[in-house]
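Comments concern the structure below.
Below, each value reflects all heavy atoms present in this structure, side chains not excepted, and no hydrogens, waters or symmetry copies.
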Amino acid sequence: MEEPERDPDEETPLLAPHSPASIIRRVRSVWKDFVDFVASDNVLQVAVGLIIAQGFTSVVNSVVTDLLLPLISLLPFIQKNFAQKFLILRYGPHPPYNTVDQALEDGAVVMTYGAFISNVVNFFFLGVFLFSVAHVYTFFTKKPIISHTVRCEYCRKYVSTKAKRCFNCTSWLDGREEKATSAR
């Protein structure tokens, strides 16, 4: 049996692509890359941010569904829980229906617009809540989370208003290039 060919630049012999040693080496390499990725600062910050965002989302969902929507349901033209509002698009064999579950069990085609509006209100209040958290953070730390941007005239990418040069196309944002070409 022949020995595997050796690459002069590499210390280890070339292995068959599916040999046990090659597979173990690839698994170790992938595991090392995974550990480096997971242990990096950015990934840990994103993970903590996602966990905090999940907590914010559940709090805002509770505020909307438990506090705001019941108050909206008290309006005279709504008459029941807002999330239970629905429209029958095609009736099943045994109408009428009092709830969405009854209609769905009977095979009716239902548009649950109350649930949709509830989700839109949840999304809106989540955005307002996170926006206010960003402003409170900026107030106490003096580090802005919300950065104001303008579009570069040349590459049309968004750039910070404080930037003097576009980081995408490196053009000057203060008009130096226009002044230089108009002076010639």
How many angstroms lie between atom CZ of R156 and atom SG of C169, to the nearest 0.5 angstrom? 11.0 Å
Do S58 side-chain atoms and G55 backbone N/O form a donor-acceptor pair below 3.5 Å? yes
Main-chain N/O of T170 paired to R165 side chain as donor or acceptor, under 3.5 Å: yes
Connecting only ILVMFWY residues whose side-chain heavy atoms lie within less than 4.5 Å of each other, what is the rest of F139's hydrophobic cluster? V136, F140
Hydrophobic clustering (ILVMFWY, side-chain heavy atoms < 4.5 Å, transitive) - are V150 and Y158 grouped together? no
With sequence neighbours excluded, what pairs up with L89 under the side-chain contact (heavy atoms from CB on, under 4.5 Å) test? L87, V109, M111
With F123 via ring pair (Phe, Tyr, Trp, His ring centres under 6.0 Å) - residues at least two apart: none
The test is side chain to side chain contact (heavy atoms under 4.5 Å, CB included); show your working for I88 and V110 and say whether it passes. CA-CA 5 Å; I88 304 294; V110 178; 4.0 Å; yes
Please name all residues satisfying side-chain contact (heavy atoms from CB on, under 4.5 Å) with V121, sequence neighbours left out, ordered by chain then number. V64, I117, F125
OG (S19) and CZ (R25) are apart, to the nearest 0.5 Å, by 8.0 Å
Do you see a donor-acceptor pair shorter than 3.5 Å between the side chains of R26 and S22? yes
Value rounded to 0.5 Å, distance of CZ in F167 from OG in S160: 9.5 Å
Test side chain to side chain donor-acceptor pair (under 3.5 Å) applied to N119 - qualifying residues, sequence neighbours left out: none
Would you mind reporting whether S171 and C155 have side-chain heavy atoms less than 4.5 Å apart? no
Apply salt bridge (Lys or Arg N to Asp or Glu O under 4.0 Å) to K142 and list each qualifying residue two or more places apart in sequence or on a separate chain. none
Residues in side chain to side chain donor-acceptor pair (under 3.5 Å) with K32, at least two apart? D36
Who pairs with D106 by side chain to side chain donor-acceptor pair (under 3.5 Å), at least two apart in sequence or on another chain? Y97
Set of side-chain contact (heavy atoms from CB on, under 4.5 Å) partners for S118, sequence neighbours left out: T65, L69, N122
Give, for atom CG of D66 and atom CG of N61, the distance between the pair rounded to the nearest 0.5 Å. 9.5 Å
Ring pair (Phe, Tyr, Trp, His ring centres under 6.0 Å) filter on H135, not counting sequence neighbours, yields F131
Side chain to side chain donor-acceptor pair (under 3.5 Å) with T138: which residues, sequence neighbours excluded? none
Kindly compute the distance separating NZ (K85) from OG1 (T112), expressed to the nearest 0.5 Å. 13.0 Å
Pick out which of V100, N98, L104 makes a side chain to side chain contact (heavy atoms under 4.5 Å, CB included) with Q102. N98
For atom CZ of F124, is the number of surrounding heavy atoms from other residues, nucleotides or ligands below 6.0 Å larger than 12? no
I'd like to know whether F129 forms a ring pair (Phe, Tyr, Trp, His ring centres under 6.0 Å) with F56, so could you lay out the CA-CA distance, the side-chain angles of the two residues, the decisive distance to 0.1 Å, and finally the verdict. CA-CA 8 Å; F129 184 70; F56 283 155; 5.0 Å; yes
Which residues satisfy the ring pair (Phe, Tyr, Trp, His ring centres under 6.0 Å) test with Y137, sequence neighbours excluded? none
